[in-house]
Amino acid sequence: SSAASDVYKRQVLRSDVEARQASAMNIFSDIKAMYPQMIIVDPKDVLCDTVYCYSGNEEYPFYVDDDHLNDRASVRLGLEYAKIHPNLLF
C-alpha cells in the first residue's frame with residue numbers, strides 16, 4: 001500500500017472517540033427524551049467498527065480537519081447510514 005493510502009486509513013480507538021463525545025451524546029439523549037420523534041444520526045455507526053474509528057479508507061481521507069467530514073465522506077456516510085437505518089428515508 002502507498003504511504004498516502006496509509007495516512008487515509010488511520011484509526012482511533014472507538015472507546016476514545018466515545019469518551020471524547022460523551023458530553024455531547026448526553027445532551028442529545030436529554031433532548032431526545034423531551035422530543036422522542038427526534039432521530040439521532042451517529043456517524044460512528046458507519047465510520048467505526050467495534051474497536052476502531054477510521055479517518056479514511058484506501059481511496060481517500062474522510063475529514064477536512066480533526067472534526068469535520070469532507071464532502072465525499074458526507075455523501076458516503078449518508079448512503080451507508082441509510083442502508084443500516086432505512087427509517088431515515090421517509
Pair listing, salt bridge (Lys or Arg N to Asp or Glu O under 4.0 Å) test, anchored in residues 19-31, at least two apart: Arg20-Asp67
Summary of salt bridge (Lys or Arg N to Asp or Glu O under 4.0 Å) pairs that have at least one residue in residues 33-44, sequence neighbours excluded: Asp42-Lys44
Ser55 (side chain) donor-acceptor with Arg10 (main chain) under 3.5 angstrom: yes
Over all heavy atoms of both residues, which pair between [X] and [Y] is shortest? Give the atoms and the distance, please.
X: Val46; Y: Leu77; answer: CB-CD1, 3.5 Å
X: Tyr54; Y: Phe62; answer: O-CD1, 3.5 Å
X: Tyr81; Y: Asp45; answer: OH-OD2, 3.4 Å

For Asp66, all residues meeting side-chain hydrogen bond (donor to acceptor under 3.5 Å, both in side chains), sequence neighbours excluded: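 Counting only residues at least two positions away or on another chain, Asp66 forms no side-chain hydrogen bond (donor to acceptor under 3.5 Å, both in side chains).
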Verify same cluster id: Ile84, Val41 (apolar side-chain graph, 4.5 Å):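 Linked within one cluster.
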Cluster check Ile27, Met34: I/L/V/M/F/W/Y, side chain < 4.5 angstrom: yes
With sequence neighbours excluded, residues passing side chain to side chain contact (heavy atoms under 4.5 Å, CB included) with [X]:
X: Ile40; result: Met25, Phe28, Lys32, Met38
X: Val64; result: His68, Asn70
X: Asn26; result: none

Co-members of Leu79 in a cluster of I, L, V, M, F, W and Y side chains, linked at under 4.5 Å: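 For the cluster that includes Leu79, the remaining residues are Val75.
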Members besides Val12 in its Ile/Leu/Val/Met/Phe/Trp/Tyr cluster (side-chain heavy atoms under 4.5 Å): Val17
Pairing residues for Arg76 by the salt bridge (Lys or Arg N to Asp or Glu O under 4.0 Å) criterion, not counting sequence neighbours: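 Expected list: none.
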Face-on cation placement of Arg14 at Tyr52 ring, 6.0 Å and 45° thresholds: no
Residue pairs, two or more places apart or on separate chains, that pass disulfide bond (SG atoms under 2.5 Å apart) and touch residues 52-86: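 For residues 52-86: Cys48-Cys53.
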